[in-house]
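So you know, we letter chains A, B, ... as the sequences are listed, proteins then strands, and number each from 1. Bear in mind that the values here come from a model prediction, so they are computed numbers and not experimental data.
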Amino acid sequence: MPHDDKNAARRYPPVGAEDDLPPFDLPQVPGTGVQGAEGSASPVQRASISERARAAALPPYLTGLNPEQREAVEALDGPVLVLAGAGTGKTRVLTTRIAHILATGRAYGSQILAVTFTNKAAREMKHRIGGLVGGAVEAMPWLGTFHSIGVKILRRHAELVDLKSGFTILDTDDQLRLLKQVIEAEGLDKDRWPARQLAGLIDGWKNRGLTPSKVPPGEGFAFGNGKGAALYAAYQKRLKELNAADFGDLLLETLRLFMEHPDVLADYHRRFRYILVDEYQDTNVVQYLWLRLIAQGSPNICCVGDDDQSIYGWRGAEVDNILRFEKDFPGARIIRLERNYRSTGNILAAASGLIAQNKGRLGKTLFTDGETGDKVTVMGVWDDEEEARSVVREIEEQGKAGQRLNGIAILVRASFQMRAFEDRFVTTGIPYRVIGGPRFYERAEVKDALAYLGVTLNPANDLKFERIVNVPKRGLGDTSVERIHALARARDIPLFRAAREIVETEELGGKARKSLRDLVTAFERWRSLIDTMKHTELAELILDESGYTAHWQNDKSPQAQSRLENLKELVRFMHEFETLEAFLEHVSLVMDTEQGDDGERVSLMTLHAAKGLEFDTVFLPGWEEGLFPHQRALDESGEKGLEEERRLAYVGLTRARRQAKVSFAQNRRTRGLYQSALPSRFVDDLPEANVEVLETKSPFGGAYQNFGNPFEGGFGRGGYGKSRFDNAEPRFGATYDTPGWQRAQSYEKTKSRDENWSRDAEQRRRSAMRPTITIEGELIASSAAAGAGYAVGTRVRHQKFGLGTVTDVDGNKLTIEFDRAGRKRVVDSFVTPA
DNA sequence: CGAGGACAGATTTTT
DNA sequence: TCTGTCCTCG
């Protein structure tokens, strides 16, 4: 992660420091110059001469924009909402707009506030702005995530919100540990009132901008015998005592700071001339309030988003924010980007038809000048296994036909669906990657290591100390820890100091006393080395001396190896930072490791994780009622939930450049039970004209259909539930109404498409020559590199299944008896010799 | 302390 | 059905 503000986060320069930075060295637009030095008044009005001159000599970054994009880039004055549909060049507009502000000399980089939701997006923006203006991105200190900008502001004014500038940022584990303590301190049963639930509540409140005193009485009441809000207050108090903030605080406390200290707010008003917000549809209440406060200083706020892609309502996002933009910012200009550069006509039409069923949209109509392309296919299959088999079979065929695997993705609604696909990939030997899921920094071993480093740096970090005091096991059980706690409480000192003192007493048993003394001594020694030893070496030393490395080396579980790898990766990653402190600061906010290009692989991920990505071919399995839309979304959020699910379907479809393939299973194994399911209503939402219904292809030919294919005789017949294909009144004027006809037609389509396949070869070759799509996100699992031949009896290791013994070899297919996972058939490239 | 059994819970996930 | 967590027992 090359460009994050690792340094900026370490020093806490006073407000105004960067204003002295020199302006970008940019090719100046004719007739303009860098105007308005620091602190000067409103942007200088351009003379019409310069306007004309500028139009005559279009700066290079403006060429290639379509009229709407260009309008969005050039509308610098006043509030602007850019409604950017999927694949319409949203990021391009945002980055070009920034380049434009800089190039026209309207503001310095340090006077632009640009917020994103994810580090990935921030990184991408920095990268692309760098490309446009030539690497001067270091001078954009206020481009970052809401959270990272929040921290930056809070560090500067920490005392005003009862913190000290060096406050630590709690991760989820720390937060839970602390909440558990708070719950117990209130005399509540921690089993009856799980910390997780309280964490959820508090998060929700913080997302809505509610401090403890503002929590609506009814809401706090549901938890802990009516003590919900009190627990929240107690938690906040503890946070201050620990000089710590959780993620929610990074926003909420900044908001409080602004509201309680208008002079501070005014500073930022003066500072920010231009405000840009990415993914506005995902903002929650705090973020919204935060932005509104800051925007009081400048009308030049530009929010970019797509109400149709709002899929994070469940974690506090308010679509309303984007729907309400015009009211919030009177005189706002609304610019719609509707020209899609990604998908074929059929895919776009199908997606548009689907999303049109939602109410309460701002409304956009995507179009493309590109080819019509293949229709979206819909396929019903017998069950989830059959679905995985047929999808993977098709991927195999496409792969053989020369389609790049990096251009193929399977997008599922819930992660348990991935399993069936992974199994098929493993048995067929098709390389795949899983994107999303638990992140690097969330892994236990990484957190443990970070805890060691954190305590070394800051012995007052109680939560981290508690995390590793007995990891690896060193005989310091609950009793010992509780005694340390008691002393710490009694004397009002950090745990570490209490530990140091308690070993001088007789309070602990001999064994515990010795290991605690050793631990304390070790930490003190490590601490003494901080200034003299290189931080990466120190980290290695700590991990070795603490016994942590050995702990995993001695661990026999299949994951032990990869955990050790992760530790190495962590240390490797530290090299990019100057100091231990800088590293830890960065890590608490950002910890996605960039994934290198690891060759051609099919991508497997959830629909949520797919937002922002694109693929040539997208498989969308599991379109069944109850799964997608998910039952819980319907139960908990009713119509709103349904619409969000539909937007998720829309996001899924619009990831596809050339082919979108929907499927659903009539039966699915869920929680052990084999249950029948109805096709998703979203299948019915697709416009007939852009859909092609596929026959279930089966390796068993007709015989298979005889015993199981529910589509014998067509959709919906035979008691498998109603489908739109039964509808007496086809909504889009379909020209068929009998299942037989429909089947025949789809067969024809399939055939002619296959024939077109070779004719399209040229086209495909061209698309294959497009630059490889970058798949950002985190690689969680993937097949291993190619393996060699294995003999029966060989001990091997599999990434997922662990150790096992080869019992049969058939070409490159091995039958392996796994110690833990039982017998599996696996392609040899997925295992390594043990 | 560690192993093994009982038990609940099983969408989506960033920071 | 599977997983992760908690609790008990040796």
Quiz prompt | Where A:W290 and A:L251 come nearest, the two heavy atoms and their spacing | solution = CD1-O, 3.8 Å
Measuring from [X]:[atom1] to [Y]:[atom2], what's the distance to the nearest 0.5 Å?
| X | Y | atom1 | atom2 | value |
| --- | --- | --- | --- | --- |
| A:L411 | A:Q417 | CG | CD | 10.5 Å |
| A:L648 | A:Y312 | CG | OH | 8.5 Å |
| A:H630 | A:E624 | NE2 | CD | 11.5 Å |

Quiz item: Among residues 621-628 of chain A, which residues get a heavy atom nearer than 4.0 Å to DNA chain B?
Solution: none
Produce the list of close N/O pairs, under 3.5 Å, pairing protein atoms with atoms of nucleotides 4-8 of chain C; give distances to one decimal.
unit_1, atom_1, unit_2, atom_2, d
C:dC7, OP1, A:D191, OD2, 3.4

Whole angstrom value for the distance that separates [atom2] of [N] from [atom1] of [X]:
| X | N | atom1 | atom2 | value |
| --- | --- | --- | --- | --- |
| A:R123 | B:dT15 | CZ | C1' | 13 Å |
| A:D282 | B:dT15 | CG | P | 12 Å |
| A:M605 | B:dT14 | CE | P | 13 Å |
| A:N119 | B:dT15 | CG | C1' | 7 Å |
| A:L589 | B:dT15 | CG | C1' | 7 Å |
| A:H586 | B:dT15 | NE2 | C1' | 12 Å |
| A:R669 | C:dC2 | CZ | P | 9 Å |
| A:E279 | B:dT15 | CD | C1' | 15 Å |

What is the nucleic acid contact for [X], judged by heavy atoms within less than 4.0 Å: base, sugar-phosphate only, or nothing?
| X | value |
| --- | --- |
| A:L476 | sugar-phosphate |
| A:D203 | nothing |
| A:G150 | nothing |

Quiz item: More than 12 heavy atoms of other residues, nucleotides or ligands under 6.0 Å from CZ of A:R292: is that the case?
Solution: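 Counting other residues, nucleotides and ligands, CZ of A:R292 exceeds 12 neighbours.
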Self-check item: A:K180, NZ: over 12 other non-hydrogen atoms inside 6.0 angstrom
Solution: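 Open.
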Practice problem: Look at A:R419 together with A:E422 and state whether they make a salt bridge at an N to O cut-off of under 4.0 Å. | Solution: no
Practice problem: Before accepting this row, confirm whether a basic side-chain N of the pair A:R467/A:D171 lies closer than 4.0 Å to the acidic partner's carboxylate O. | Solution: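 Not counted as a salt bridge, because no side-chain N and carboxylate O are separated by less than 4.0 Å.
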Practice problem: Test the A:R668-A:Y674 pair against the cation-pi criterion, namely NZ or CZ under 6.0 angstrom from the six-membered ring centroid and within 45° of the ring axis. | Solution: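 Output no; distance or angle outside limits.
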Quiz prompt | Pair A:Y288, A:D320: side-chain N/O donor-acceptor within cut-off below 3.5 Å | solution =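 No - no donor-acceptor pair under 3.5 Å links their side chains.
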Quiz item: Any chance the side chains of A:N321 and A:Y280 put a donor and an acceptor closer than 3.5 Å?
Solution: no
Quiz prompt | C1' gap between C:dT5 and B:dT12, integer Å | solution = 23 Å
Quiz item: What integer number of Å spans the P atoms of B:dT13 and C:dC2?
Solution: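 Here B:dT13 and C:dC2 have their P atoms 22 Å from each other.
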Quiz item: More 5' along DNA chain B: A:N470 or A:T172, using each one's nearest nucleotide?
Solution: A:N470
Report all interatomic pairs (protein N or O, nucleotide N or O of nucleotides 3-13 of chain B) with separations under 3.5 Å.
unit_1, atom_1, unit_2, atom_2, d
B:dT11, O4', A:H630, NE2, 3.3
B:dT12, OP1, A:S415, N, 2.8
B:dT12, OP1, A:S415, OG, 2.3
B:dT12, O4', A:R413, NH2, 3.1
B:dT12, O2, A:W314, NE1, 3.2
B:dT12, O2, A:R413, NH2, 2.8
B:dT13, OP1, A:T606, OG1, 2.6
B:dT13, O4', A:R315, NH1, 3.4

Quiz item: Are the side chain of A:E645 and the backbone N or O of A:F628 linked by a donor-acceptor pair below 3.5 Å?
Solution: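 Not a single qualifying donor-acceptor pair exists.
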